[in-house]
Structure formats: structure tokens, C-alpha cells
Amino acid sequence: MTDIQELLLSRIRDVADYPEPGVMFKDITPLLADPAAFTALTDALAEIAASTGATKVVGLEARGFILGAPVAVRAGLGFIPVRKAGKLPGATLAQAYDLEYGSAEIEVHAEDLSAEDRVLIVDDVLATGGTAEASIQLIRRAGAEVAGLAVLMELGFLGGRARLEPALGLSPLEALLAL
């Protein structure tokens, strides 16, 4: 394990039985409250943005906003929020996707992306991959290219990587921590 991985992991708190019994929630608020850890995380994700040749960063609601916006600033790139349906004003592109129980929909302002853009998707956790897969489809429908997906942590036992690799094609999926 690298020094940065040890630092990041030491600032993630396990919360048992949240949001429901049997779930071990990974709370990143202690990491965000620690300026050294938050800076290290931002720097690591900005390096991924640079290595993928990204021109924009997309952050997935809601913790992807917290991580993605400073990454975009650090890397000198634009930031695009992908929001839950009904949260963005004006014309949007929407993408529906299935959840364990039911479905959800995300949206983006299509005019914020163009055919010249290479987009790095940033989020805190890769779990089952449903939201990330929908965001890949949404970015492509907006005419942009997906440069890759970068997350703070991947919960490998939930199978998100296997779900996303076909959708990502040759674009990388980078997880700073594999749990």
C-alpha cells in the first residue's frame, strides 16, 4: 500500500448499519475535513485527469461534486455536474437507469459538452456501477468522449467494474482504493 493510500484509508470512517442494517457505510467526511488528505486526494485525481487527456471533469451527484470540482480547478479543466432529474434549470439531456428496487434518472446540460471534449467522470465510490454507467451513456449522447472514470474507492464485491468495463471500452477505470 502506498503512502497516499494509507493516508486516505486512515481518514475514511466505517459506520455500521447505515443507511440500513447490515450495511457498512464508508464515511469520507473525516477525509474532507483533513486538509492534507483532501489535498492529496485532489492531486491524485488531477493526475488521473491529466493522464487521460481530459478536457472536462464530470462529477456525479452528490459527493462527486465535492471531489470533482477541486480536481477540475487543480487540473485547469471545466467542471460539469451530473444531477438527479429535475435539479438543473433549462434544457437537459436525461438518462434513466435501473436501481436494485426501481429506477432513477440523471441529467446534464448538453450545451456544456461538445464533440471536442474528453470527459473524466469523478465520484467517491464505485459500487454496483449503475449511476456511472448511466453517466457514460449520457456523456456520449451529448456528443463528448469518455476519457475515463476515477473514484476514491471501489467496493469490488459489488461488481461495478465488471459492469462498467464494456461501457468504458479502452478508457481507464481508476480507483485509488480497492476495498
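Throughout, numbering of the chain's residues begins at 1 and tracks the sequence.
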Shared hydrophobic cluster for V119 and L45 (ILVMFWY, side-chain gaps under 4.5 Å): no
Verify same cluster id: L173, I48 (apolar side-chain graph, 4.5 Å): no
Steps toward side-chain contact (heavy atoms from CB on, under 4.5 Å) verdict (L152, L31): CA-CA 11 Å; L152 165 58; L31 188 158; 4.1 Å; yes
Flag, side chain of D34 to backbone of A36, donor-acceptor distance under 3.5 Å: yes
Whether over 12 other heavy atoms sit under 6.0 Å from D3 CG: no
Pair I136-L168, side-chain contact (heavy atoms from CB on, under 4.5 Å): steps then yes or no: CA-CA 8 Å; I136 291 167; L168 283 167; 3.7 Å; yes
Side-chain touch D112/D117, heavy atoms, less than 4.5 angstrom: no
Gap separating the CZ atom of R161 from the OG1 atom of T128, nearest 0.5 angstrom: 14.5 Å
Side chain to side chain, I139 and V108, heavy atoms closer than 4.5 Å: no
Whether R141 side chain and A94 backbone form a donor-acceptor pair below 3.5 Å: yes
side-chain contact (heavy atoms from CB on, under 4.5 Å) partners for I4, two or more places apart: T2, L8, A40, A44
Joint hydrophobic cluster, V125 plus V58, side-chain heavy atoms closer than 4.5 Å: no
Polar side chain donor-acceptor pair, S103 to D98, under 3.5 angstrom: no
Minimum heavy-atom distance between P166 and A162, given as atom pair plus value: CD-O, 3.2 Å
Distance in Å, L179 CG paired with L126 CG, rounded so as to fall on 0.5 Å steps: 11.0 Å
CA sep, side-chain torsions, deciding dist, call: I80, V57, side-chain contact (heavy atoms from CB on, under 4.5 Å): CA-CA 6 Å; I80 312 295; V57 172; over 6 Å; no
Smallest separation among heavy atoms of P70 and F65, with atom names: CD-O, 4.2 Å
Approximate separation, where rounding is to 0.5 Å, of S135 OG and R140 CZ: 9.5 Å
G53 versus R118, closest heavy-atom pair with distance: O-NE, 3.4 Å
Pairing of K26 and D14 as salt bridge, 4.0 angstrom limit: yes
Spacing of M153 atom CE and L41 atom CG [to the nearest 0.5 Å]: 9.5 Å
Q5 side chain vs L176 backbone, donor-acceptor pair below 3.5 Å: yes
Shared hydrophobic cluster, F157 / I12 (ILVMFWY, side-chain heavy atoms < 4.5 Å): yes
Side-chain donor or acceptor of R11 paired with backbone N/O of A37 under 3.5 Å: no
Test item: D123 side-chain N/O and V151 main-chain N/O as donor-acceptor pair under 3.5 Å: no
Short side-chain to backbone donor-acceptor contact, T52 and A147, under 3.5 Å: no
Student check: side-chain heavy atoms of L60 and V122 closer than 4.5 Å: no
F25, CZ atom: more than 12 neighbouring heavy atoms under 6.0 Å: yes
Spatial distance of atom OG1 (T131) from atom CG (L138) [nearest 0.5 Å]: 11.5 Å
Backbone N/O of L7 and side chain of S10: donor-acceptor pair under 3.5 Å: yes
Sub-4.5 Å side-chain heavy-atom contact between L120 and L149: no
Interatomic distance, I28 atom CD1 to R63 atom CZ [nearest 0.5 angstrom]: 6.0 Å
Shared hydrophobic cluster for L93 and F79 (ILVMFWY, side-chain gaps under 4.5 Å): no
Close side-chain approach of Q95 and V82, heavy atoms under 4.5 Å: no
L67/L32 under side-chain contact (heavy atoms from CB on, under 4.5 Å): CA gap, chis, key distance, verdict: CA-CA 9 Å; L67 304 185; L32 300 174; 4.0 Å; yes
Within-4.5 Å side-chain heavy-atom neighbours: Y18 and V23: no
Using distance only, find each side-chain donor-acceptor pair of residues 83-91 under 3.5 Å and give its atom names and separation, not counting sequence neighbours.
{"residue": "R83", "atom": "NE", "partner": "E61", "partner atom": "OE1", "Å": "2.9"}

